[in-house]
Structures are given as C-alpha cells and as structure tokens.
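All chains are named by letter (A, B, ...) in the order of the sequence lines, taking the proteins before the strands, and each is independently numbered beginning at 1.
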Amino acid sequence: MFEAFYPQLIGLCTGSLLLTSALMVWRHSLLASIRLLALQGMALAALVAVIGIAEGEPELVLVSLLIFSVKGVGLPWVLAHQSKAAVKQIQESPRLNPTAALLAVTLLTILSYVVVSRVFGLGDSVTGHAAPIGLAMVLIGFLLLISRRRARSQLIGFLMLDNGIATLAFLTSGGVPILLEFAVSLDVLLVVLILHVFAGRMRTKFGGTAVDQLRELHD
Amino acid sequence: MNTALSSIIIASVQVVLFVFLAPLLMGLIRQVRATIEGRAGAGIWQPWRDVRKLLAKNPVRAEGSSWMLRAGPVALMVSSLLLCVLLPLVGTIPFPSIPSDLFVIVSVMLIGVVALALVGLDGGTAFGGMGSSRHMTVAALVEPTLLLSVYALSIPAGTSTISAIVETRLLSPEVIISPVSVLALVALSIAIMAETARLPIDNPGTHLELTMLHEAMTLEASGRDLAWLEVGSWLKLAALLGLVSNLVVPWGIVTDFSALGLLIGVVTIAVKVLVLGVLLSVGEIFLAKVRLFQVPELLAGSFALAFLAVTASYLVA
Amino acid sequence: MSFILWIPLVGPLAFAVLGLLLRGSALCRFVGVAASSAVLVSGLLLVSAALSGYVPDSGGGMLRADALSAYMLTVVGAVGLISTWGGLSSATSSRTRDAAGYEALIALFLAAMSLAVLADSIGLMWAAVEATTIATAFLVGHHRTRRSLEAAWKYVILGSVGVAIALLGIVLIYAASVGTDTPTLSWLLLSQSDLGLDPALITAGGALAVLGFATKSGLAPMHSWLPDAHSQAPAPVSGLMSGVLLSVALYAILRIQSITDLVIGPEFLRTMLSIGGLLSLLVAASLLIRQRDYKRMLAYSSIEHMGLMAIGVAIGPAALPSVLLYIFGHGLIKATLFVISGRILKIEGTPSISDVRALLVRRPGLAVPWLIAMAAIVGFPPFSIFFSEVGIIMAGWSVGLGGIVGAALVLLLVIFAAFTRLTVQMTIGVPSAGTAFTPDYSAHGPRLPIILALATTATIAFVAEPVGTLLLQATAVLGGTN
Amino acid sequence: MTAIGAELLLQTEIGAGLLPQTAIGAELLLQTEIGAGLLPQTAIGAGLLLQLGLGALAVVSGLMAAPSLRSRAGGILCTLLAVTGLATGLGALLGATGGLLIPIALPMDPLVLAPDRLGGLFMLVVSGVGILVSLYSMSSTRGADASRTAWVAMPVFLVGMQLVPAATDSVSFLLAWEIMTLGSTVLLLADHASRATVASASIWYSAMSQLSFFFILAGFAVLAAASGGTSFTSLQAVEPGSWPANLAFVLLLLGFGGKAELVPLHVWVPRVLPEAPSHVSAAMSGAMVKIGVYGGLLVCVRLLPDGPPWWGIAIMLVGGVSALYGILQASVSSDLKVLLAYSTTENMGLVFLGLGASMLLRGFDATAAADAALVAALLLTISHAAFKSTLFLGAGAIIHATGERNLDRLGGLGARMPVTAAAFGIASLGAAAIPITSGFVAEWMLLQSLIHGGRLDGAVVSVAASVAMPLAVAVIALTAGLALLTFVKAYGIAFLARPRSAAAADAREVPRLMQLALALGALFVLALGLLPGPIAALVAHTVSSNPTTAVQSVGLGGVSLPGIGAVLDPIMLVVLSALVAIPVIVSIIVSARRHPHRTVDLPWGGGGSRARPRMQYTATSYAEPLVRVFDDVLKPSRDVQVTHVAESRYLVERVRVEQRVSDIFETRLYRPVLNLLQRYGIVVRHLANGSIHRYLSYSFVALLIVLIVVSL
C-alpha cells in the first residue's frame, strides 16, 4: 500500500521543495519568502518522514520532527520575529531581474541534473531520481545569496542552501548519522541567530539592512 | 755565449743607443718638416740642447701640487726606458724570465700613459685636466686596436713574444706581406700614432691650448720635470718606430750574439728608425689634425682592421 | 592516557565558564592564556604518546590522536598561547563587561579547533570547523564598529556558505561509504585502501569538500572574507585565525586528500589544489602591490602562505613534512606579527601604512621585533619557513610540477618585493621634519611571547630529533610513505 | 641564531645515526669525499664550528656590549671570526678534509658543510676581506654604523659568506646564502635615518637578492629533480646538455650572475654599494660578490662540467657585456662609490668572460688554454677581492675625512691623507691592471689563454672559438683602457691637485686602525702581483685535473703557463725598472742639489693669474669626452640653464649645466615593468571592492566550475 504511494510521495515532497525554491527567487517580498521557507522546511520534514517510513527507520522519523521544528517553524519564526508590519513592507529590489533569475534557476536545475546523473549514475531508485533536486536547491540558494540585497534575504538564501544539502543527504544516503544531523542543525541555528543579531546591529549602525552598504572594507 | 749575458748586453746597448737616438730622431723629424715647409729649422741637435737646458734649470712647482709632479715624469721615463730594454730593437735575444711579451710591453707603456695623465691633473689647472682627460680617452679607445693587432701578429708565431714574432718574420719573410700582416701593421701604426700623440690625432707642434692633448699636460711642468716628460715621450716614439721597422724590415737584427752582428744591428736599427722618422715627418705634412670627436671614428677604423686581421688569420690560414 | 584527548576540549570550556563566573575580576583576562596552555600541554603529551607509537582514542572512536592530530593540536596550543599571551590587555581594560565574554569566546574557539583536529569523524570535524565560525563571529565583530560589523557579516556569510559546500562534499563521501558495507565517516576507516568506494562519488565529494574547506583556509577564489575579517578582528583573534584556523582547514583538506588519493589517485586534487594555490598567490601578489593597510597586508600574506601550502599539499607526500613544518612556522610568526600589528594600531591609532612612518626610529621597541618577524615570514633562515619553502619547491620539481612551482616562484618574488616595499615604508627612514619625538623602546605588551615565538621558529628546523620523526610519522598517517 | 645545534661530523656519528633516515644519510654521505676519507680529519670541522661559535659570540656581544665598547668588541670578534675562516679555508685549500653536519627536521639529504679545495679558496678570499673589513670597522664605525643592529648583522653576514663555499649540498648552500643576504641587508640599512635613499636601495637590494635566490633555488630544484638528491654529489649525476641541465644552467647562471652583479641583474649595485657604510660596501663588493663567482664555478666546474659550447658562449656574452657596460658606467660616474660599484660589475664580467672562455675551450679540448683561462678568472677574483675592498675602504676613509663622496668636490687629498692616498693608489693600479699589481697578472693570463685558445697545435679549433676569442680580447682591451681612464680619474681627481671644497681642504688622515686595514689591503694587491707563480699554482689545484701542466711557478715568484708557453716574472720586471731608473734618479739627485725647485702660487696656470680651485677639471668634465663618444649607449640627459645679466641678454651671469647618466637597464627594462606592475596593482584592487555579492559570486563560480569539472 505504502510502497505504491512511495514514489508519488517522494515526488510530491521534492517537487514542492523545488517549487518553493523557484518561488522564492521569483517573489521579492520578504514575508512571502519567509512563508515559502517555512513551507520548504515542512516539505523537507515530510520527505524525511516518508523516507524514514519507507526504510523502516524510526530514527529518521525523529529527525523529521527535529527538522519540522527547526526549519519549518523555528527559523522562519526567528526571521519573522520583527513586527509583522515592518516585515510586510520590506520589498527586495534584487540585483538580478526576475526573468533572468528564473532563467538562471532553470539552467542551474539542468546543471544539477547533469552533475548528479554523472556522479550517481541516477540508478533506478526513486530517491536517486529525485536527488538532483537537492543540488538544484543548493545552487538556487546560492543564487539568492548573490542576488539579494537585504540581510534577511541573504539569510533565507543560506537556509535554502542548507535545506538543499539536507535534501541531498536524505535522498542519497538516507541522511547522515544522527549525531551529525544534530550538530548540523545546531550549527545552522546558531549561524542564523548570529546573523540575526548582526542584522539587528546593522540596522542600528547603518540605519537599514541593505548588505550593499557594507562596502567600507576594500582594497 | 751565455744567453742571459748576451741579452743583458743587447738590452744595455739598446738603452744607450735609444737614449742617444731619440732626441736625434725628434730633431730630424722637426728639421725635415721645417725644410719641407720652407723654414730654416733649428737643426737636428736642438732637442739635445733643449734637454740640457731644462736639466740645468730650477723647476717651478705649483702650490698644492703633490709628489706626483716629481714622480710622474720619472715614471714616464722609466716606462720608456723599459720599452727600450724589452723590445727587440737591436737583437732578438730576450731575458729568460721576461720574454718581450707584447702584452707586458703594452702594459709597461701604459704606466707611462698613466703617469703623464696624472701629472697633467696634478697641476690643478683647467688645461692640464683637459689634456689628461683627452689623452686618457684616446688611450682607452686605442687599447683594443693595440691588443688585437698584437693578437694578429702573434698568430703566425704562435706566441705573443715579440722577439719570436720578429724571428719568424726573418725566417719566413712571406709572412710580412701576407694580408693579415699588412692589416695588422696598418692598425698597429695608427695605434702607435695615437699613443705617441702624432698627427692626425694630436698636433705635436701646436700651441693652441684648446686643441692640445699631449702638450696640455706638460704645461705646468718645468725644469727637469719637463725634461723627463719630453725625453720619455721621445724615447717611446723612437722605440715604437723601432718596433714597427723591425716588424716590416726585420733584416739586420741580431739573433745570434756576436760583436760584429751587434754592430750591424745597432747601425741597421738606427738607420731604420731614422728613415721611418723621415717618412713620418713627410707623411705628417699631408695630414691635418682631425677633430677630437672624430678620433674615435679613426680608432674604430683601425680596430676594424685589427679585428679583420685576427679573424682572417683564423679563417684564411 | 586517552583522557588527555578531553583536556583540550573540556579545559578551555571550563576556563571559559570560570571566566564568565569571575566576570569583572582582573583574573578573567587570563582565560585565553590558560585555555591555550591547556591545549598546548595536552598537545605535547599527545605528541610524546604518538612518538612512542601509541594512538589514543576515546568517545567510542570519535576522538583520536595520531601523530598528525597531536602535531596539529600542539600548533593550535602554541599559536594560541602566543596570540593570547601577546595580546594580553592591560588589567584595567579587562574589567569591562565585554572582556569576560571575549575571553570565553576565545576559549570556545580554541576548543572548537582542538575538536576539529582530534575528531576521527569527518562529520564531527565539519561541525567543529563550523563551530569555529560561530565562536569567532562575535570576536571579529568585537569592536562593534561599522567596519567590524561589516567584516563579521561577510565572514559569517562567506564562511558558512563555504563550509556548507564542504558539508555537501561530506554528504557525497558518506553516500559513497553507504554504497559499501560500512557506512562511516571515520578517517581511519575511510582511508583504508580496501573499502571499494565509488570513484565518481569520491571525486565529487572530495572536490566539494576541498572547495568548502578552502574557504576556511583562505584559498582563492574563496578567500574574500579573510582580509576583511583579519583586519577588523582584535589582534589576538587575527593571530589565531590566521595562524591556526586557516591551518586547521588545511588539515581538513589533507585528511580529505588522504581519502581521495586512495580511490582516484592524486591527480585530480593535485590539479585543483595547484590551481587554488597559484590563484591564491596571484591574488596575494596583486593586492599586495599597492596595499594601504598593514593588517590587510598581513592577511594577504596569509593567503599567500596558504597558497604555497596548498601547492605543497598538491605535491603530495614528498612535500608534506615541509607543509607541516610550514603550518607551525607560519602560525607562530603570523600570530606574532598580528600581535605586534595590534600594538602598533593601538599606539599609532591608524591602520594605514602611509600614516605609520619611520617606526624604527620612533618606536624601536615595536619595529625591531616587527622587522625580525617580517624577515621570518618572507622566508629568511634560520626561521623554519625558509626550510619549508625550499622543501616544497624542491619537492615540486621532483614530482613534475615544475611549471606550477616556477609560476609560484615568480609570484612569490612579486609578493616579496611588495612586502619589502611596504615594510620599508612603515619602518625605515626618518619622521618628517619638524615632528619632535623621543625613541620609544617600550614593547607595549609582553615581550616574552614574541621572543619565544621567534626563537622557536628559528630553532625548530634544526631539531632533527624528535621534530623530524614527528613530521615523518604525521606524513605517514596521511598515507605518505616518505 | 648561529647557535644552531651543529655537530662535528665524525665517522662514528654518521654510523650512530643523527639523521631521521639513517641509512640513506649515511649512504649518501659515504659517497662524498668526507665520508670516503679514511681518517676523520676534524680540523676543518673544528674550524667551521669555531666560526659558528665566534659568530654567535659576536652576535651576543653586539647585543650586550656597552655602546662605547661595541665597535671594539665586535670588531675584535669579527676579526677572529675571519681569521678562523682564513685558517679553515687555507686548510681546505691545501687539501685537508672534514666537515660539519647540520641537523635538520625535514627529510632531506643531510646538510653537510665540508669545503673542498675550491670552497677553501673562496672561504680564504672571503675571510681575507673579512679581516680587512673587521679591522677597519673597529675604528671607522660611529653613530648609526655602530648601532647594535649593525654589529649583530656584521658577524651574521661574515658567517654566511664564509659558510657558503663550505656547503656540499644545495640546501645548506641556500641556507648559508640566505644568511649572507639577510646579514648584508640589515647592514645596508644602517644609515637609513640619515639618508632617504637608503630605503629605496634596500628595497632594490632585497628584491634583486630574492630574485637571485629564487633563480638558484629553481636551478637546484631542477637538478635535484633530475638526479634525485640535493647533495652536490648527486647533482653531478645530471647529464650536461640534457634539458634539465640546460634549464638549470640558465637559472643558476642568472642567479649567480645576479649576485655577481652581472648585466642585466646589476641594477642594485649602483644603489646599494654607495648607500651601504663603506666597510659594508667593501665586504659586499670584495667578498659577497665572490660568492656569486663561486656559484658560477660550482656550476661550471663541479656540478655540470663539459657542458655544450653554447653554455660557454652564453657566459662569455654575459660577462663581456657586463664588463663593457660596467666600466663604461664607472668611467662616466662622478660619485666615487658608484664608480667603484660599477667597476665591480666590470671585474666580475671579466671573471665570467674567463670562465666562459674556459668552458668553451674545454669543449674543444684546448685544455691548456682552458685551464689557463680558469686560473686567470680565479686570480682576477682574488685580486679583485684585494683591490676592490681596499678601494672601498679608501673611499670610506675619504668619506670619514671629508663627508663627501662626490669626486667633483674632492681634490688635494694626497698631501692630507698620505697613507690613504698610497693605498688607494696601489689599489687603483690593481684595478687598472697596471704591472706590477695583482690585476695585471690576472688580465695577462686571461689574454694569453685567449690568444692561444683559438688554435690547438696550429689547427683552428672552431669557428665559434675563432670569432669569440678575438671579440673577447677586444672586450678585455677596451675594458682595460676604460678602466685605466676610470682609475686615473678617481685617483687623480680625488688625491691630486687642489681641493675643490672646504671639506676636502680640511681633511685629515684617518685613525691608525683604518690605515692599517688600508695598508694591509694594498700589501695584498702588491703581493699578489709580485708573486703570482705560487699563488696561481695553488689556485690551479682547485679547478684543474692536471694542475702542474696548467700553471707552474718559476723564478722568485714568476708564473709560467707550460701548456701555452708563456712566462711572466714581475719581480724581474721590478729589478729591470730599478736598474734603468738608477741613472735617472742619480741625475735627479745631482740636478736637485745644483738646481733646487721653487714653489710658487701658480707657475703658469693656463695663462691666468687668478686661477682658482673651482676652475680645475672635475670628474664630470674629465669623463665628458667619453660621454660624447658613447652617447648612444649611455643616453645622458643634459640640462643647461643660462641666467642672463639683467641689463643685457648678451651677457651671461651664470650657466648651470647638469648632466645625468642613468642606467639604461633600469630605465628601459626595469622601470617599465615596475610601472606596469604598479598600475596593475591599482587596477586590480577592484577584485576586492568590498561587495559581498561579488565575493559570493567568486565562490559560486568556483562551485559551478568544480561541479562541471567533476561531471565531465
């Protein structure tokens, strides 16, 4: 019963991961991006849960819960912690226009398909086929980092990148050892917190969170 | 007879002969020139009289001049005397431990050049320095020609010992008129003209300070200082003319020691030097002094000849 | 014996806690010194263990100290000691609220680096490296100025992204090991030759992991955070980052290399590291020519040295002893230089090279050690960097990387000339006319650590026993039989 | 720093295994001469160790001694250090063996210091200069020159120089080499607070030294890669003419040529030697430069003998161009120390010319001429060490006495500083290769070997040789001629005539110790010139496989070249000159008694009664004809400013003429490159423009490239 749905479930989860990623590139509103990030975190958690059930590993279900709480709820909440109204108004004016960005997204996705197919040989497994999505997310996250001007938007890019790695890890090898998974989550959480603090300081020092302003240190 | 002893005798004879001959040669050169130019001239013994006069005067030395003014003329004199000792003029029997190596001879001559230049500087006047500077410039530029012509001459003999070179020429006279030898001799002659401050490089008779080379350096010298400078320069000229004449016409030179041979040697070299002196004097009539800054061209030309001589001797012979 | 493994981890943390408890006391400024001493002592103990052939492990195999780890731990401790001791602030300024936090973070930083070199799991090591970023983020931003904030932001973003790439690589390596019977992330297991890892995965994983760790070790083109962070961090932190953090990342690269070499041979990483090394040298050379800031100058010098070390790593076992000695020499000297630069900055109030002039006449107490350390960093003997550079260049030709090494020499020459020019500008000459001055012979801080660092680097290369043996053993750990 | 844990190399210790890889170490060591020696001769080893110890002691004394005692203590210790080096070098030169092992933490061939005969010779030369310099500096240094730093650097410099020739493997060679460079760089900086030019000189020096070092390092690395070891014994295994050998040859030639001040790597010379304190210039030019020559010999004689003909031609070319260019620049220079500096380039050019000729001739089996050329090059090296250090010390004495090194402001020092004048004069004769000085013998031998090198038993050796030899003779001749002018100018303008400035008029003779050093130097110059035979015979042992056929000693101290049939006996020349001089001197004495000289203010003075010292010829005007003749090479820049009298344009109040001769290699070769680099340095700043997006892009692109590459 579950085996029949398994490929579809995997497809659904990875599909939504990719979709949220692309949407995040498209949408410029910070609030929308945060919501999409939360959605992505939940999709990731679902993916892990599905794999865990399929492989019959209760450990993975636990991990799925962890991911849900950190990536699906915790981190978005931290990002949106500032008053909703303020966040709502923040509009990205990206350095890359949306058309070019979306074009880049497709190119990066194709690239990750090529790379993963060469590296993994794709194989027959369902997860193997979905693996390129993880890499694509990494690359799209990177694209966001490069093209977004606001501190928080960059953070979102970073988180997406991280989600991508996690996706890839779960799709290719059923996740890394649990201890490492904890460590990674903790690290990510701390990084986000630190960046969040810095973003706060930035606002007080620079009067805004546009990363563009950080041009004082140069040669 | 013992080689060492015969070489000492020959050397002594050469020195005495040339000390006697050099002023005479100068007198002859000046007299010939005067005669051709239609002047009466001072007679061929005038240089002798000049020297005697200078030696009997109180030298006047400038305030602040150093010992160089005294030592320099002596050094020049000694270097010229050494030339007379070392060059095969009367005979080709060299000292055993100092063969008449041309490189050594050139260096000995350079001692005189340096001494003269320092004397010129020591006077502390503009003209002395000017003469010294020009003299050294010419000497520096002549050096390659000199050494390369030595090189060219040394090739047929396989050694740079001038006695051996002259003996080779005596044994096989065809060497003398080979193109290599002719080129080398022409180059050497130009070099010697420059070294001895003759026309067309320097005008020995000039009294216009701005064009002087040799004379400008001796302006501050007087009395016996001047005498040594003058005699030293004459000796150098005489000895070098003797060298050239022995290279062109080696016959008469003593190769095996004997009293008669020595006499013949003395007479032939005296004749050769004096004849060459007359030729020089006549030649100089037709020459004008070139501008100082055209001297390098002349010297470059002579250098080219010498260089051709050397390479030709490798590639032709 | 294996409890020693825990000292460098627990010790600093304990001192950090202690420091936080003693907040406001004059004692808390010694937390960093105490923490690094703990690391150094345990490092030396582990070295002696390694020399006697004993490889302690602990925590169910998570921690392990072979010769290489012990060596690196010693370097961490030594450089930490020089940086913290040399950077000891005066007792009055340490009573501020920040001070305790600062010292605690330094201790945390040291613990993280110790964990990175002691971990027997790539994953744990990765986490430790990432932890260094977290620990140093606030240290870089310690001054709370706009500039330090900017530097910290760049550092965290670029560093985390880089390390994330490394994680991607590690995931792939793990995926490769999942393909075999024993899914593992242990160095010890992965660097066994009969594992049958998938070459394609190892290639990709190794490449990504190296690329990621290259960010932390300051190799171009991932180096961009380095000049900013190094120039804005407090001097001891810069010294620590430049002296050991970069090397710890390089250590990670070395470990990764020992895995990939077994599976796919050395060529792939050799090419990659050579390119990275040369690019680093190029970047350092280019930006040193007209450098204006002496702390940035030191930062670019670190990029240069990491570049040369990367070339050494690319060369492989023949150059590894030199690289390891290099790590030590560079660490100590660069820490010294940063410590002195901190004092110059404090006393002169400007980081600009053109504003600091005639230092040798005005402040011989700072200029003389500065010049000696400069001579050491550009590779003059008897300092050990000389031997490392000679060793790397010689080895480079012998493995057929003559072209790379030759190009490196050209760039090194440019770097040397630029470096000399900048140093001369700062130190040599007389102050402009009219400025009265009296020569200042004060060192403006503890002299002993500087003397110790210089003396150690000057003599270590001549200590054939036991340093030579240790270097050989450490190389052997990496699969080199040289 | 010199207190490295060095240990005497005893046979037993090799066996006991001081090295990490005992077997390899011992094996390699056994192949070397030291190991093969039946009995461990440790005298040399003890000498080397003593040098290190004394060096360390001198460093400590430099650090600790009270300022008033520092120069004395440092000088004495440095003298002792140099004397030890002299003794060690002499021992090695006479064939003693033994050595010292430097322990090293890296797995390399063992670092062994064990001078062979050639190394011993150079250690001797370098330490000889070291003695002069140390004695001199004991009383010459004052102020910044006697600072703690300077007295720490001095022994370091000396030890470095003295140990380079002892190295038997490339790493210890490079080690000593760099110690030497470090010491000299620090010494150069001594006067940095008084002259702004010192800073730029030190930059040039460091950069050019590093360039040399890298060339040498690369050269050794190439050889080591080809042979599989870093010791000289294993480097010898490389086949000359193979491509690694060719590459290494070019690299090493450039590296050693740079240290030996050869064109075009000489640009540091005219900046550094004048700016360094004079005793340091003397040590650099007299001794350090010889290390460059030693390197050249090491490559051409020991490591890669029997190279292809083009090696010899390349060396000759570099040497010839250096000789000509160096002396040309020297002859037109008015700064005494710049003049001496460029003259060093000239002399080293001649040395390399000889070395190249010897390589070329050996390639054509003209062994006798080849040996003679090599011995001539060595003699020139030795004599250059003697006369050039004396000249630099003399220049230092002039600066000490007048504070001037511009010849145009000197004059009349001969009467005021007689000892300096005599020493400088003798050394100048040496530099101008006038008999009976050392320089003359060397040049004579070089010329002899060249003119006999074109033919072998009457047959032409080769077209290359028959073109190269005459050209070489011409180059030597022109060089000698210009050297003559240069040193007549240097000596004549500085010491003769009347002082051209108040400083020169007030000059006083320098202290005794400095006089002693100068006199010793002059004595060396004369001794080498008078006794070339024994010296040449000794020198021939270091480079020739069959020394007795190459050079023999005849008579009292004469030298003969049996292979090419040339003899020179300077003592006989002296005797002869004395004999011919006797009548002249007798007549002077007689004449002087009857006609004593009068001293007047101005006897003639060019016809003017108001001739002032300013109207004398200066060094600049002395060289003016030469500047004109070589206009195309020197490219002088002239600036004439005429100030007219206010009332009339036809009357001139003053004319100011400025003529500057710059180094064309610097202006045409180095400057453009440096300017380009500077411009690049500004443009390239955009790489780090502070934008985090740009920085992220670098990483992103790198990531994409890596992904693409791994999936290819």
Side-chain angles (χ1 to χ4, degrees), chain A residues 92-96 101 104-105 107-122 131-132 134-151 153-155 157-158 160-161 164-165 168 195 198-199 202 206 209-219, chain D residues 185 189 192 196-211 213-214 267-268 271 666-667 669-712:
Chain A
E92 257 297 340
S93 51
R95 296 155 49 84
L96 206 59
V105 167
L107 285 177
L108 291 174
T109 314
I110 292 169
L111 176 71
S112 48
Y113 264 95
V114 172
V115 171
V116 172
S117 69
R118 291 298 182 107
V119 172
F120 291 85
L122 287 181
L135 189 57
M137 284 168 71
V138 171
L139 296 178
I140 294 168
F142 222 135
L143 188 70
L144 271 184
L145 274 168
I146 291 174
S147 60
R148 291 294 147 102
R149 291 178 201 275
R150 302 232 160 239
S153 313
Q154 278 203 328
L155 251 179
F158 174 69
M160 196 207 285
L161 194 156
I165 296 173
L168 195 65
L195 286 175
F198 282 157
M202 215 186 281
F206 293 82
T209 58
V211 191
D212 277 5
Q213 301 170 48
L214 303 177
R215 297 286 291 269
E216 282 184 31
L217 296 171
H218 59 83
D219 274 301
Chain D
T185 312
L189 285 174
H192 76 98
T197 38
V198 173
S200 91
S202 66
I203 297 172
W204 275 94
Y205 181 61
S206 312
M208 293 307 288
S209 299
Q210 194 73 1
L211 179 65
F213 171 64
F214 280 164
V267 281
W268 58 275
R271 291 169 176 275
E666 191 186 319
T667 52
L669 180 63
Y670 287 84
R671 281 281 158 216
V673 172
L674 291 179
N675 290 343
L676 206 66
L677 269 182
Q678 294 283 325
R679 280 219 292 279
Y680 166 75
I682 292 173
V683 171
V684 84
R685 279 180 187 157
H686 293 294
L687 274 183
N689 66 348
S691 157
I692 191 173
H693 296 110
R694 177 169 292 199
Y695 296 166
L696 281 166
S697 311
Y698 296 152
S699 303
F700 189 45
V701 170
L703 174 64
L704 289 182
I705 289 174
V706 167
L707 283 177
I708 290 169
V709 168
V710 295
S711 62
L712 280 178

Original post:
Any side-chain heavy-atom pair from A/Leu145 and D/Phe700 closer than 4.5 angstrom?
Top reply: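 Heavy-atom side-chain distance check fails, nothing below 4.5 Å.
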
**OP:** For the residue pair D/Leu707 and A/Leu139, establish whether any side-chain heavy-atom pair is separated by less than 4.5 Å.
**Re:** yes

**OP:** Would you sort out whether A/Val115 and D/Ile708 count as a side chain to side chain contact (heavy atoms under 4.5 Å, CB included), showing the intermediate values?
**Re:** CA-CA 7 Å; A/Val115 171; D/Ile708 290 169; 5.7 Å; no

Hey, could you give me the [atom1]/[atom2] distance between [X] and [Y], rounded to the nearest 0.5 Å?
| X | Y | atom1 | atom2 | result |
| --- | --- | --- | --- | --- |
| D/Ile682 | A/Asp219 | CD1 | CG | 12.5 Å |
| D/Ile692 | A/Leu217 | CD1 | CG | 11.0 Å |
| A/Phe142 | D/Ser697 | CZ | OG | 8.5 Å |
| A/Leu214 | D/Ser691 | CG | OG | 9.5 Å |

Original post:
Are any side-chain N or O atoms of A/Arg118 and backbone N or O atoms of D/Val710, one a donor and one an acceptor, separated by less than 3.5 Å?
Top reply: no

Subject >> Contact class of D/Leu712 relative to chain A, heavy atoms under 4.5 angstrom >> reply: backbone

**OP:** Quick one: closest heavy-atom pair of D/His693 and A/Ile146, and the distance?
**Re:** CD2-O, 2.9 Å

